[in-house]
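Taking it in order: structure first as structure tokens, then the write-up.
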Amino acid sequence: MTLTKLASRHLIVLLLASALLFVLRVSTFAGCGSAASSALRQATDSGFCVAKPLSSGCANCTWAYWTRYWKITWGDGSTTNKDVGTWGDCYPAIIINNPPNQCPPDFGDPYFTESTSNHFQTTTWNELTVPGTYNSNSGTCSQSGAAQLWTVSETCDVFAGASTPAACSAAGGYWNYTYNVCVASPPPANCHSHCTSNEFFNPDTGCCECSDGSCSSPI
């Protein structure tokens with residue numbers, strides 16, 4: 001059997017041994033859609049073994065790059081493809097002339113985090129990877145080395161589509177009746193929209209505010 005056929009067989013085995021397509025537990029985020037999730041577009045795979053860089057301290061060592069192929073669905077229904085990868089050491093096969101064996105890295109379970117600034121919400125997808133390493137003394141593989149956190153973020157406007165006082169209130173905002181828009185802060189006392197020379201217009205509240213906090217805004 002040729003080396004090419006052996007390599008092909010080895011790759012097929014890796015594909016079958018990899019995680020099957022799955023969908024993660026759905027997380028709900030208010031305001032920018034009802035859910036965020038991620039699913040593998042295809043099975044995790046690995047490339048051929050190549051020489052490790054001299055900086056690794058092992059001139060004759062080899063490793064292979066492993067990749068996971070994600071499709072992330074955000075709360076607003078949009079999607080992002082993200083490929084996440086890391087290295088795994090290779091070591092000699094038991095049978096002569098067979099392709100090298102590979103130590104699989106560790107791909108952590110992805111998770112979502114959320115932060116909000118004003119009325120803009122940022123949802124971040126996270127996955128931690130750890131390289132696969134081979135111990136020639138014990139002949140075993142482990143997942144160790146420098147971990148890497150992969151992230152993808154999407155920011156959306158919580159007030160998008162909040163075009164009525166009721167919808168604005170449901171989104172956690174305050175309705176500005178002067179401009180008929182949803183804003184993040186309640187209107188201050190004595191709100192007005194005709195600014196004096198000591199004031200500036202704040203579009204988030206639809207009101208004039210003091211530039212230095214010392215002026216007294218008229219009604």
Side-chain angles (χ1 to χ4, degrees), residues 1-27 35-114 122-154:
M1 185 177 294
T2 66
L3 182 59
T4 300
K5 290 182 178 179
L6 286 169
S8 298
R9 174 182 291 181
H10 182 64
L11 182 58
I12 291 172
V13 171
L14 288 172
L15 290 173
L16 293 175
S18 300
L20 297 177
L21 300 182
F22 65 97
V23 178
L24 297 177
R25 175 175 56 86
V26 170
S27 302
S37 63
S38 56
L40 287 171
R41 309 192 316 268
Q42 65 186 65
T44 304
D45 62 21
S46 66
F48 293 104
C49 296
V50 298
K52 297 183 74 169
L54 295 178
S55 59
S56 68
C58 184
N60 298 320
C61 294
T62 59
W63 59 0
Y65 196 73
W66 292 66
T67 307
R68 254 184 172 181
Y69 306 90
W70 289 104
K71 179 181 179 181
I72 304 166
T73 302
W74 304 104
D76 59 5
S78 63
T79 60
T80 300
N81 289 341
K82 178 65 175 179
D83 296 343
V84 172
T86 189
W87 294 91
D89 285 345
C90 299
Y91 60 98
I94 297 177
I95 302 176
I96 298 176
N97 295 327
N98 271 13
N101 295 317
Q102 298 183 7
C103 289
D106 179 60
F107 290 93
D109 292 333
Y111 60 94
F112 289 94
T113 55
E114 176 191 356
T122 299
T123 303
T124 301
W125 176 93
N126 308 262
E127 182 177 20
L128 189 69
T129 61
V130 182
T133 58
Y134 177 70
N135 187 321
S136 59
N137 294 324
S138 62
T140 59
C141 290
S142 64
Q143 287 70 46
S144 59
Q148 181 178 0
L149 181 64
W150 298 77
T151 62
V152 185
S153 297
E154 184 191 68

Is the SG of C103 found under 2.5 Å away from the SG of C90?
no
Report, as yes or no, whether the 6.0 Å neighbourhood of atom CG on L54 holds more than 12 heavy atoms from other residues, nucleotides or ligands.
no
Point-to-point distance, once rounded to the nearest 0.5 Å, from CZ of F112 to OG of S37
6.0 Å
Would you call E127 and R68 a salt bridge, taking side-chain N to carboxylate O under 4.0 Å as the test?
yes
Which heavy atom of P131 sits nearest to which heavy atom of A146, and what is that distance?
CD-O, 3.3 Å
Taking the side chain as every heavy atom from C-beta outward, state whether E154 and I72 have any pair of such atoms under 4.5 Å apart.
no
P110 versus S38, closest heavy-atom pair with distance
CB-OG, 4.2 Å
Heavy-atom closest contact (P105 atom, V130 atom, distance):
CB-O, 3.1 Å
Can you tell me how far CD1 of I94 sits from CG of N101, rounded to the nearest 0.5 angstrom?
7.0 Å
Is D45 close to Y69 at the side-chain level, that is, under 4.5 Å between some pair of heavy atoms?
yes
Rounded to the nearest 0.5 Å, what separates atom NZ in K71 from atom CD in Q42?
13.0 Å
Whether the W66 and T44 side chains hold a donor-acceptor pair (N or O, under 3.5 Å, no angle test) is what I'd like checked.
no
Do the non-hydrogen side-chain atoms of W70 and N81 ever get within less than 4.5 Å of each other?
no
Do the side chains of C141 and Y91 get nearer than 4.5 Å, heavy atoms only?
yes
Side chains of K52 and D89: does their closest heavy-atom pair fall under 4.5 Å?
yes
Q102 side, atom CD; Y65 side, atom OH - distance, nearest 0.5 Å:
13.5 Å
Are W74 and W125 close enough that some pair of their side-chain heavy atoms sits under 4.5 Å apart?
yes
So S142 and T133, side chain to side chain donor-acceptor pair (under 3.5 Å) or not? Walk me through it.
CA-CA 5 Å; S142 64; T133 58; 3.0 Å; yes
A side-chain contact here means heavy atoms from C-beta on lying under 4.5 Å apart; do S153 and T122 qualify?
yes
To the nearest 0.5 Å, how far apart are OG in S56 and CH2 in W87?
11.0 Å
If we ignore hydrogens and angles and just use 3.5 Å, is the side chain of N126 paired with the main-chain N or O of Y111 as donor and acceptor?
yes
Rounding to 0.5 Å, atoms CG (L128) and CZ (F107) come to a distance of 11.0 Å
